[in-house]
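All ligand and atom numbering here is 1-based and tracks the order in the structure. These numbers come from the heavy atoms of this one structure, side chains and all, not from hydrogens, waters or symmetry mates.
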Amino acid sequence: MPAKNFPLSKTQLEELAKTYPTPFYVYDEAAIRKNAQAVKSAFSVFPGFIEHFAVKALPNPFILKILADEGFGADCSSYPELLLADMAGIKGEKMMFTSNETPAREFKAARDMGAVINLDDFTHIEFLEKNVGLPELISCRYNPGPLKGGNAIIGKPEEAKYGFTREQIVEGFRLLKEKGVKRFALHTMVASNELNMDYHIETARILFEFAVEIKNRTGVRLEFVNLGGGVGIPYRPEQEAVDYSKLAAGIMQVYNAVIVPAGLDPLGIRTEWGRVITGPYGWLVARAVHTKSIYREYIGLDSCMADLMRPALYGAYHHISIPGKETAPADETYDVVGSLCENNDKFAVQRLLPKIVPGDFVVVHDAGAHGRAMGFNYNGKLRCGELLLRTDGSMLPVRRSETVQDYFATLDMAALDKFMAAN
Ligand SMILES: *Cc1c(COP(=O)(O)O)cnc(C)c1O
């Protein structure tokens with residue numbers, strides 16, 4: 001079983017916690033860069049390949065800048081995410097704008113910034129034309145419906161709200177061409193946290209075959225297909241990571257079988273992976289503050305699901321380790337819990353761990369994607385900050401922890417004072 005890695009020792013954490021009290025996130029720059037380079041190198045078999053990092057997974061401009069340095073673009077789902085990408089120097093068509101139920105003003109912002117707009121519905125063609133005008137390049141999101149089997153987090157495509165049906169895509173490209181659009185792309189996103197490589201190769205096949213059909217039925221030749229996100233990570237120590245080179249080779253095989261004989265080579269390949277890019281290289285570091293012995297044994301942390309909600313939301317497994325006790329026998333069974341007034345606020349349920357005492361650091365692994373990003377303020381919980389472990393070993397704070405001032409920032413205090421005085 002491969003051991004789960006954490007880049008800091010207990011002594012280093014003790015030192016760090018003097019400046020940055022727990023809880024906090026730590027991201028490992030060297031590991032993120034190395035991983036980004038591995039993705040790029042594996043997919044360099046496809047000329048012009050671009051990975052558009054899904055900003056929602058880790059919406060921090062410091063991280064986006066690192067990924068931009070490695071040649072990545074961004075996949076944005078809202079105006080604030082477009083701004084984050086822009087801040088990090090990711091510009092124009094390096095940005096995909098994949099949104100749904102999109103207001104006109106967000107389409108306008110995406111258009112003004114030159115992002116590739118990825119339409120979620122047939123009716124959005126007219127909506128975009130009427131409110132913003134049609135750009136030269138348009139991508140459409142395909143929902144393959146019953147053609148594609150389901151996946152635990154994202155569910156069955158035919159039950160998902162996203163995308164055009166097959167016939168709507170064909171009609172959509174006809175209409176876009178008629179309206180003068182010059183460049184076209186096809187997108188899909190049908191999986192989340194999927195470790196099975198064949199699932200992703202099959203997604204590529206569906207898009208490639210559809211690209212051929214679209215050409216035959218409408219004359220539209222696609223510039224690129226975007227395979228979406230959804231590549232999984234091994235949250236459990238016994239799971240295995242997806243091998244990027246094998247995945248790229250598998251997709252290439254289908255490309256050679258479908259795209260090349262149809263005369264559609266070169267067709268650009270894009271991805272918008274989030275989780276697999278940063279997930280394994282981020283950790284939530286908390287401390288045990290209480291132990292409690294009732295019908296079960298509990299370890300209470302100074303963090304809660306407001307900092308990391310995946311376990312509570314999906315029952316997701318996140319590995320936990322106790323710095324300084326790496327080799328201690330894991331012979332205690334604990335529920336490791338947060339402080340929120342919700343009984344599902346548990347980082348781990350009935351988990352075998354070494355004996356934990358108050359003051360011990362508790363490291364939650366694989367929290368570098370869909371972690372801090374999904375945080376919230378329910379119960380008046382203040383979200384924790386983020387630290388970046390630089391390649392030279394130094395630590396850079398890339399987001400401070402929230403304060404009560406942040407929590408009150410949306411209240412109009414002057415209006416409140418008046419209201420208090422008058423009532
Ligand atoms: C969430 C999402 C992604 C990223 O998914 P991961 O599972 O993090 O790879 C990519 N594209 C779209 C449209 C998404 O909604």
Side-chain angles (χ1 to χ4, degrees), residues 27 32 35-36 38-39 42-43 50-60 63-64 67 72-82 84-85 90 94-102 106 110 115-121 124 139-144 148 150-155 157 159-164 185-197 199-200 203-204 207 224-235 239 241-242 244 247 269-282 308-310 313-314 316 318 366-374:
Y27 306 118
I32 291 172
N35 183 47
V39 170
F43 278 81
I50 299 177
E51 148 66 7
H52 298 266
F53 176 67
V55 172
K56 73 166 191 243
L58 182 41
N60 186 305
I63 303 293
L64 297 179
L67 295 174
F72 283 20
D75 174 50
C76 308
S77 60
S78 62
Y79 178 56
E81 288 188 357
L82 286 166
L84 281 170
I90 300 172
K94 276 275 183 117
M95 290 186 282
M96 288 281 300
F97 184 61
T98 298
S99 59
N100 57 93
E101 318 323 326
T102 315
E106 295 211 354
V116 179
I117 294 178
N118 187 26
L119 294 179
D120 187 61
D121 189 55
H124 295 181
S139 172
C140 294
R141 178 172 186 165
Y142 172 45
N143 180 333
K148 186 85 190 167
N151 159 284
I153 297 184
I154 217 164
E159 293 172 7
K161 66 176 178 176
Y162 310 108
F164 298 48
L186 181 67
H187 164 278
T188 199
M189 165 84 191
V190 286
S192 188
N193 194 31
E194 183 60 63
L195 280 168
N196 181 352
M197 192 172 71
Y199 193 97
H200 301 289
T203 300
L207 286 185
F224 65 85
V225 295
N226 183 331
L227 308 174
V231 172
I233 59 173
Y235 283 102
Q239 289 175 320
V242 170
Y244 302 139
L247 176 57
I269 304 294
R270 310 281 181 94
T271 54
E272 49 188 38
W273 297 348
R275 185 187 317 272
V276 76
I277 302 300
T278 55
Y281 317 109
L308 176 68
M309 76 183 299
R310 296 191 70 260
L313 186 62
Y314 312 119
H318 278 263
D366 301 302
H370 311 294
R372 172 66 175 68
M374 289 172 92

N/O contact list for ligand 1, threshold under 3.5 Å:
unit_1: ligand 1; atom_1: 7 (O); unit_2: Gly230; atom_2: N; d: 3.4
unit_1: ligand 1; atom_1: 8 (O); unit_2: Arg275; atom_2: N; d: 2.8
unit_1: ligand 1; atom_1: 8 (O); unit_2: His370; atom_2: NE2; d: 2.8
unit_1: ligand 1; atom_1: 9 (O); unit_2: Gly230; atom_2: N; d: 2.8
unit_1: ligand 1; atom_1: 9 (O); unit_2: Gly274; atom_2: N; d: 2.9
unit_1: ligand 1; atom_1: 11 (N); unit_2: Asp75; atom_2: OD2; d: 3.3
unit_1: ligand 1; atom_1: 11 (N); unit_2: Glu272; atom_2: OE2; d: 2.6
unit_1: ligand 1; atom_1: 15 (O); unit_2: Lys56; atom_2: NZ; d: 2.6

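Annotation: Tyr235 is in aromatic contact with His318 [ring centroid separation under 6.0 Å]. The aromatic ring centroids of Phe72 and Trp273 lie 6.0 Å or more from each other.
Side-chain contact between Ile277 and Val39: present, with at least one pair of heavy atoms (C-beta onward) separated by less than 4.5 Å. Contact of the Thr98 side chain with the Ser77 side chain is not registered, since no non-hydrogen atoms from C-beta on lie closer than 4.5 Å.
Both cation-pi conditions hold for Arg141 and Tyr162: the charged atom is under 6.0 angstrom from the six-membered ring centre and inside a 45 degree cone around its axis.
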- Report the C-alpha separation of Phe224 and Ile269 in whole Å, then their side-chain angles, then the decisive distance to 0.1 Å, and conclude whether the side chain to side chain contact (heavy atoms under 4.5 Å, CB included) test is met. CA-CA 6 Å; Phe224 65 85; Ile269 304 294; over 6 Å; no

